[in-house]
> 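First, the structure itself, so that you have it in front of you.
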Amino acid sequence: MVVGDLSLDIVVAQSGPPREGSDVPAAIRVGPGGQGANVAVRLARQGAEVALVAPMAEDAAGRLLREALDAEGLELRPLPITRSTVVIALLDASGERTMISDRQTLDATAVGPMLADAGWIHCSGYALLDDLSGDTLARVLGERAGRVRLSVAGGSVPPERSRVERLRLRLANARPDLLLLSRGEAESMLGARPASGLAAARALRELAPVLVVTSGADGSAAVSGGRELQVAAPALSGGALDATGAGDAYLAGVLIELAEAGGWPPAEGPLRAAMQRGSLLGAQVARVFGAQGRVIGEEGSS
C-alpha cells in the first residue's frame, strides 16, 4: 500500500539557458508522476500487488492520470481533491532536475480505513512534511498493526531547522521500519554536510531500524542494527538523461527484495541484495525520460 502524491509532470529539457523576453527550444514531455505514484508503478511492473492511496481530482489532468495508472494494473484508492497536483521539472545538461510544484494536500483523516488490509505500507516523505497533514498522518501510520511494516522516503527535506524538527517528531510517531533519504535530504536532517553517505546513515540511525542513504553515482549506504553496508552504483553505458523518478525506482527495487525477507531488521545478505537491485533499477530509470519511463526488465518493456 503506497500513500503519497500523484501528479501530472511537465518535464522540460531546454536546449540552452533561458533568455528573458525570448524563446528557447526545448523537448517537453507530459506524463504521470508524483513520488507515491512513481513507487507504486515501479512495484506493479515488478509483479507486486499494490494499491495507491493518493489525492485525485476529477479534472482534465486527473482523468489523464487515472487512465495511465489503470493501464499499469494498480488499484487506486483516491482521496478527493478539487484540482490535480502539477509539477514542472526543469532538466539541466546532466539530467538533474529542478522542480516547481503546485502540490495538493491529502486528507490524512481518510487514510486510516484505506490501510486496513495492508501488508506493507510505504509513505512518501512529502505527505509527512506537509504541515496540514503530517501530524495526523504520522499518528495514523503509528497506529498500524504490529505485523505491518512501514517505509518512508523522500520529500526533498528543506534545510530549515523548524521543519526538520517537525519531521523528526512525525517520524518518531509513525515509527518507520525503513527510512530512505538522499544525501541532500540527510544533509538537511543533520544541518551539516556529511563526509559520506555512510557517515550520514550512522548519524541518523536512531530514526529507524534500517536507514539507507543514497548518493547517486557514489552508490548507497545503510545502517541496520549493528551492521553497516555500502553498495556501489552500477556501471552502465551512457550518461544520465533524466534523474526524475530515479530515487523512487531505487526504493521500489529495495522494497521488492525486502518484502520477502524473514525477520526484521533483515540479514546482511537480503539487505545488500535489495540495495543492489535498487541501484540497478534507479540507474536504468535515470537513462530514460520521464519519472515513469519504462526500462528493460519491467512488464510491458521491450
Side-chain angles (χ1 to χ4, degrees), residues 4-42 45 54-57 59-72 83-104 124 126 154-159 182-185 214-218 233-252 279-298 300-302:
D5 48 340
L6 166 64
S7 67
L8 186 69
D9 282 4
I10 303 171
V11 181
V12 181
Q14 296 178 166
S15 61
R19 298 193 302 270
E20 186 174 352
S22 185
D23 188 5
V24 177
I28 301 176
R29 293 170 175 81
V30 178
Q35 190 177 71
N38 294 344
V39 173
V41 164
R42 297 292 173 194
R45 289 179 185 171
M56 294 186 67
D59 54 8
R63 290 190 288 273
L64 287 173
L65 292 169
R66 180 181 289 276
E67 181 179 345
L69 293 179
D70 281 344
E72 297 287 352
R83 73 177 192 276
S84 297
T85 291
V86 178
V87 175
I88 299 174
L90 306 176
L91 302 182
D92 64 19
S94 70
E96 192 53 72
R97 83 282 191 212
T98 298
M99 294 187 293
I100 304 170
S101 304
D102 181 15
R103 193 175 303 280
Q104 308 304 311
S124 166
Y126 284 108
S156 298
V157 181
S182 70
R183 182 84 166 267
E185 289 165 346
T214 61
S215 300
D218 292 330
L236 300 183
S237 60
L241 296 176
D242 180 4
T244 310
D248 303 328
Y250 176 100
L251 172 67
S279 292
L280 177 59
L281 186 56
Q284 289 174 322
V285 168
R287 285 161 172 77
V288 299
F289 281 110
Q292 295 176 17
R294 288 190 181 273
V295 300
I296 298 299
E298 288 187 325
S301 65
S302 58

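In this chain, numbering begins with 1 at the start of the sequence shown. Since this is a predicted model, take the numbers as computed values, not measurements.
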> Any idea which heavy atoms bring Gln104 and Thr85 closest together, and the distance?
N-OG1, 2.9 Å

> Run Val30 and Leu8 through side-chain contact (heavy atoms from CB on, under 4.5 Å) and show every step you take.
CA-CA 7 Å; Val30 178; Leu8 186 69; 3.7 Å; yes

> I'd like to know if Arg29 pairs up with Asp9 as an ion pair, taking the criterion as any Lys NZ or Arg NE/NH1/NH2 lying under 4.0 Å from an Asp or Glu carboxylate oxygen.
no

> Can you name the nearest heavy-atom pair linking Pro55 to Leu6, along with the distance?
O-CB, 4.2 Å

> Under 3.5 Å, is there a donor-acceptor pair between the Ser279 and Tyr250 side chains?
no

> Between Glu72 and Arg42, is there a salt bridge with N-O shorter than 4.0 Å?
no

> Using modelled atom types only, decide if a donor and an acceptor are shared between the side chain of Ser101 and the backbone of Arg103 within a distance under 3.5 Å.
no

> Which pair of non-hydrogen atoms, one from Ser84 and one from Gly62, has the smallest distance, and what is that distance?
OG-N, 3.1 Å

> Might you work through the side chain to side chain donor-acceptor pair (under 3.5 Å) test for Ser7 and Asp5, ending with a clear yes or no?
CA-CA 7 Å; Ser7 67; Asp5 48 340; 5.7 Å; no

> Rounded to the nearest 0.5 Å, how far does CD1 of Ile10 lie from CD1 of Ile28?
8.5 Å

> Can you check whether Ser156's main-chain N or O pairs, donor with acceptor, with Glu185's side chain at less than 3.5 Å?
yes

> Roughly how far, to the nearest 0.5 Å, is CD1 of Ile88 from OG1 of Thr98?
12.0 Å

> Measure across Val288 and Gly293 and return the closest heavy-atom pair with its distance rounded to 0.1 Å.
CG2-O, 3.8 Å

> Which pair of heavy atoms, one from Gln292 and one from Leu69, lies closest together, and at what distance?
OE1-CD2, 4.4 Å

> Find the distance between OG (Ser124) and CG (Asn38) and round it off to the nearest 0.5 Å.
9.5 Å

